[in-house]
Amino acid sequence: MPLNQHSRAFTATEIVTKLVKLEGWRLSGDGAEVVIEKTFRFADYARTLLFVNAVAWLAQARNHHPELVVQFDRCVVRYSTHDVAGLSQADFDCAAAVDALPGAAKPKLL
């Protein structure tokens, strides 16, 4: 991912405009601690880990790594861009890529 895609933090208006295009993602935190996050639920631990490994592969390929909170039947995915102390285009692009993963299309949201 080119550096210019996440070289600046989005404004509040830009964040809201982009967030409405991502189903199930929500804003959490504020200031430099702001993230977009989504909870994905699965039938069992094995399916949860398959999802986590797919997210990890995407993160490596895009060089943009989310915070992952893994439990037996769910995973919370949180994106922010630490380099800009906020949210950038990279966060929204990666969130959309996670949504496109097999098994992530219709999660049971918490």
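Summarising the geometry, atom CZ belonging to Phe51 is positioned 5.5 Å from atom SG belonging to Cys75; distances are rounded to the nearest 0.5 Å. Annotation: the span from Glu37 atom CD to Trp25 atom CH2 amounts to 9.0 Å, rounded to 0.5 Å. Residue Glu67 holds its CD atom at 7.5 Å from NE2 of His82, rounded to the nearest 0.5 Å. Considering CZ of Arg41 and CD of Gln71, their distance stands at 9.0 Å, rounded to 0.5 Å. Note that CZ of Phe92 and CD1 of Ile36 are 4.5 Å apart. Values are rounded to the nearest 0.5 Å. Between the NE2 atom in His64 and the CG atom in Leu58 there is a gap of 12.0 Å [rounded to 0.5 Å].
Side-chain atoms of Leu27 and Leu87, non-hydrogen and from C-beta on, do get closer than 4.5 Å to each other. Residues Pro66 and Val55 are in side-chain contact: their nearest non-hydrogen atoms beyond the backbone lie under 4.5 Å apart. Between Phe40 and Asp99 the shortest side-chain heavy-atom distance falls below 4.5 Å. Looking at Phe10 and Val84, their side chains never come closer than 4.5 Å, going by heavy atoms from C-beta outward. Using a 4.5 Å heavy-atom threshold, the side chains of Phe42 and Val52 count as separate.
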(message) As a quick check of understanding, evaluate side chain to side chain contact (heavy atoms under 4.5 Å, CB included) for Arg47 and Asp44, giving each step before the final call.
(response) CA-CA 6 Å; Arg47 287 186 177 108; Asp44 55 37; 3.3 Å; yes
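Under a hydrophobic clustering in which Ile, Leu, Val, Met, Phe, Trp and Tyr are joined whenever their side-chain heavy atoms come within less than 4.5 Å, directly or via other members, Val35 and Leu68 fall into different clusters.
Of the possible donor and acceptor atoms, one in the side chain of Lys38 sits under 3.5 Å from a partner among the backbone N and O of Glu23. In terms of modelled atom types and a separation under 3.5 Å, the side chain of Thr48 and the main chain of Phe72 share a donor-acceptor contact. Remark: side-chain polar atoms of Asp91 are paired, donor with acceptor, to backbone N or O of Ser80 under 3.5 angstrom.
No more than 12 heavy atoms of other residues, nucleotides or ligands sit less than 6.0 Å from atom CG of Asp30. Atom CZ of Arg78 sits in a crowded spot, with more than 12 heavy atoms from other residues, nucleotides or ligands closer than 6.0 Å.
Under a 4.5 Å side-chain heavy-atom criterion applied to ILVMFWY residues, the cluster that includes Val69 comprises Val76 as well.
Ion pair Asp93/Arg62 not flagged as a salt bridge, since none of the NZ, NE, NH1 or NH2 atoms sits closer than 4.0 Å to an Asp/Glu carboxylate oxygen.
With sequence neighbours excluded, no residue forms a side chain to side chain contact (heavy atoms under 4.5 Å, CB included) with Leu50.
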